[in-house]
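In what follows, a single structure is set out as structure tokens and then discussed.
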Amino acid sequence: MNPLRTGNRTIEADDETIRSALEDAHVPTLMNVLVHLTGDASIIRGDIRPESGFLADAQGGISPEDQALVRNRAFEALKALRDRGETTGTNGDGLPPAPNADLVHEMVEFATGQPLSSAYGTFLESELALDGEDGYGVSALTELPREARANFNVVVVGAGMSGLLAGIRLKEAGIPFTIVERHADVGGTWYQNTYPGCRVDSPNHTYSYSFHPTDWPQFYSSQEVLRRYFDDCATHYRLRENIQFNTDVETAAYDEERGLWRIEVRPGNGGTETLVANAVISAVGQLNRPKWPDVPGQDRYRGIAFHSTEWEHEHDLSGKKVAVIGTGASAFQFAPEVAKTAAHVTIFQRTAPWMFNAPEYHETVPDGKHWLLNQVPYYEKWYRFSLFWRMAEGILAAVRKDPGWNGGEMAISAANDEMRQLLTESMAELCGSDTELLKKIIPDYPVAGKRILIDNGNWIRALRRDNVDLVTDPIAEITETGVRTGSGAHHECDVLIYGTGFTASKFLWPMKITGRGGRTLEDQWDGDARAYLGIMVPCFPNLFCMYGPNTNIVVNGSIVFFSECGMRYILGCLKLLLERGKRTMDCRSDVHDTYNARVDEGNRNMAWGVSKAPTWYRNEKGRIAQNWPFTLLEYWNRTREPNADDYLIN
Ligand code: NAP
């Protein structure tokens, strides 16, 4: 059973344990929990209310006195529950009658700190899933005859977060499938990236499958913990029997006559094999093929050199002179770790990143919070919800262009300018008296012109170390012994680490995928990948992409949410085919083109569309091919179920 949703629990803790756990509580969460525990909604109807907004502090601006008051009431309620010896279940048994729909809506508005449109209400209530409904699940599919489902089979490419999700859902739906994975184990990015300091930079309690929460040890857990989570999911949902490990998909070709896909795979032990499937789900991720910089001399270098995603752990870096190229999310995490033992670290920065201060970034979840998450009915659900909301539309409005803005090129609206000032202030505080450093690290483009990095001061503290230099002079060449910059300065190093990112725009590459009429995906896209909803590509029937073009989110939400929406849509497509007795669906070009025109227009109005700063969000044609520019609500709505009219169905 799922670790945090096993259902029955009885509170046995003594008074002191309960009181001390409540000190670690998120108070707005606790207030909604109190409604469940007591059946009395007055606590959320009084004067104590969280403020709305991404920048409100973690307790929603509730004063320490009011927090104490809420904790006391929660203590009394939990003590009473314990003293009654009541066992509570997932669906609220053992508690007062469950809140009705109107009250749930009120509780949701309370948690968000603002009135919500009914569209938002429906979305958020489904995400909250108080009734235990799996809002992204397969129930509609399992109503179809078992035989129809069993006669349709799917090949999934990749066993990372999205591929495992596809496997879980297909298994639940009773649809046969094989997952092909090039690595020796599951986990995707969390299997592949093992560099020191690697951790999730999205709050962990939302960076997990909605249907499989777990008791994370940290607010942003380390790579090893994330890898283990996906490993456990693969075991829990019995996916390993469906996975071919150490196997590369080389080609996938659509057999137009028979409406089938032939997938040529190369297992690690040699030879090739052909799999035949009714549908292919590509879950290959965007960020896994190393990108090497366009700097001359890389082959000439005689020291140790590797890319962050192919970390060579056999080298002990302590006492070494290390050069790091790049200041993206990867370097941001590994360079401070390397600096702890290296003799010297030279970091080459081409474009300074904006950084957002997250004080809990390296913090361990305190015991009290673990207790609340595990023992208190509905605490986990409301806690996850509150994080989801804070992340949800987050600062989206502050990174959208105001056409009337005339305050200069360093911002795109008044709200964006305010963000700039806030982030600048916190960076200045961390730089202290080192004003030279501050000058180097304040970006010269609007906030969110490229990915904002999450930090707790770790990066700037590392830059201020005596053994670290930040070089902003552009790299001219790599030499036999180091890095030469444009000014002619030469920086010798024993080890050169490329934190230069991934070939993110080459979606599905290097697989060769051939669709209708013998056209390849590579030719059709011509360096400018697009898909309808990031999922379907015209002329490639029954090829479904997860984390496809324009499904990356920049300032709002977690990518797990996007994959869950995408997979729900794919299940809807399979249902549509099976209930009509059809075999294939091909996205209409006009639907695809209209959709993409809207996405492009949306992206042009966002900070990353306006800014000229280099970013992996933009492809070789200059188009933003990665990002979703709209709200989570819009993607959730658009992917609820497919509209048959968008497709040519056969
Ligand atoms: P990245 O963000 O693409 O950063 C690459 C870095 O290399 C940039 O600083 C880039 O400079 C620099 N670079 C490239 N060519 C250069 C050159 N010729 N000279 C100097 N510098 C050069 O790659 P990444 O850090 O691996 O991150 C990629 C994405 O992976 C992230 O944005 C994030 O979505 C994901 N990621 C997530 C996590 C996490 O959740 N914890 C961790 C790591 C990565 P410019 O900025 O000038 O291009």
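Using cut-offs of 30° and 60° on the angle between ring planes, the pair Tyr209 and Phe211 is parallel.
Here the straight-line distance linking atom OG of Ser330 with atom NE2 of His307 works out to 7.5 Å at 0.5 Å rounding. Put simply, CZ on Phe388 and OG on Ser558 are 8.0 Å apart, with the number rounded to the nearest 0.5 Å. Within the model, atoms CG of Asp469 and CD of Gln349 stand 13.0 Å from one another, a figure rounded to the nearest 0.5 Å. To the nearest 0.5 angstrom, Glu360 atom CD is 11.5 Å from Asn204 atom CG.
Using a 4.5 Å heavy-atom threshold, the side chains of Asn552 and Arg451 count as separate.
For Glu601, the salt bridge (charged side-chain N to carboxylate O under 4.0 Å, His left out) criterion is met by Arg604, not counting sequence neighbours.
Inspection of the Ser208 and Arg384 side chains reveals an N or O donor paired with an N or O acceptor under 3.5 Å. For the residue pair Tyr532/Asp646, the side-chain donor-acceptor check at 3.5 Å is satisfied. Counted by atom type alone, Thr189 and Asn193 present one or more donor-acceptor pairs between their side chains at under 3.5 Å. Between the side chains of Asn357 and Ser426, no donor-acceptor pair of N or O atoms lies under 3.5 Å.
Within a 6.0 Å radius of CD in Glu641, no more than 12 heavy atoms belonging to other residues, nucleotides or ligands are found. Asp466 CG: 12 or fewer foreign heavy atoms inside a 6.0 Å radius. For CD of Glu409, the number of neighbouring non-hydrogen atoms (other residues, nucleotides, ligands) closer than 6.0 Å is 12 at most. Applying the 6.0 Å contact sphere to NZ of Lys291 captures no more than 12 heavy atoms from other residues, nucleotides or ligands.
Remark: side-chain polar atoms of Asn456 are not paired, donor with acceptor, to backbone N or O of Ala358 under 3.5 angstrom. One N or O on the side chain of Lys450 and one on the backbone of Pro614 form a donor-acceptor pair closer than 3.5 Å. In this structure, the side chain of Trp354 engages the main chain of Tyr445 through a donor-acceptor pair within 3.5 Å. Checked by atom type and distance alone, the side chain of Arg530 never pairs as donor or acceptor with a backbone atom of His592 at under 3.5 Å.
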Requested in this report: Go through the steps for Ile624 and Met606 under the test side-chain contact (heavy atoms from CB on, under 4.5 Å), then give the verdict.
Outcome: CA-CA 10 Å; Ile624 298 289; Met606 304 308 282; over 6 Å; no
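Just one residue in the list Trp389, Tyr136, Trp636 forms a side-chain hydrogen bond (donor to acceptor under 3.5 Å, both in side chains) with Glu127, and that residue is Tyr136. Paired with Lys621 under the rule salt bridge (charged side-chain N to carboxylate O under 4.0 Å, His left out), one option of Asp528, Asp600, Asp526 passes, and it is Asp526. Among Thr631, Leu632, Asn637, the single residue meeting the side chain to side chain contact (heavy atoms under 4.5 Å, CB included) criterion with Phe123 is Leu632.
Taking the ring centroids of Trp292 and Tyr498, they lie under the 6.0 Å cut-off. Taking the six-membered ring where the residue is Trp, the centroids of Tyr207 and Trp216 are separated by 6.0 Å or more. Annotation: Phe562 is in aromatic contact with Tyr635 [ring centroid separation under 6.0 Å].
Annotation: cation-pi pair Arg598/Phe630 present, NZ/CZ under 6.0 Å from the ring centroid and within 45° of its normal.
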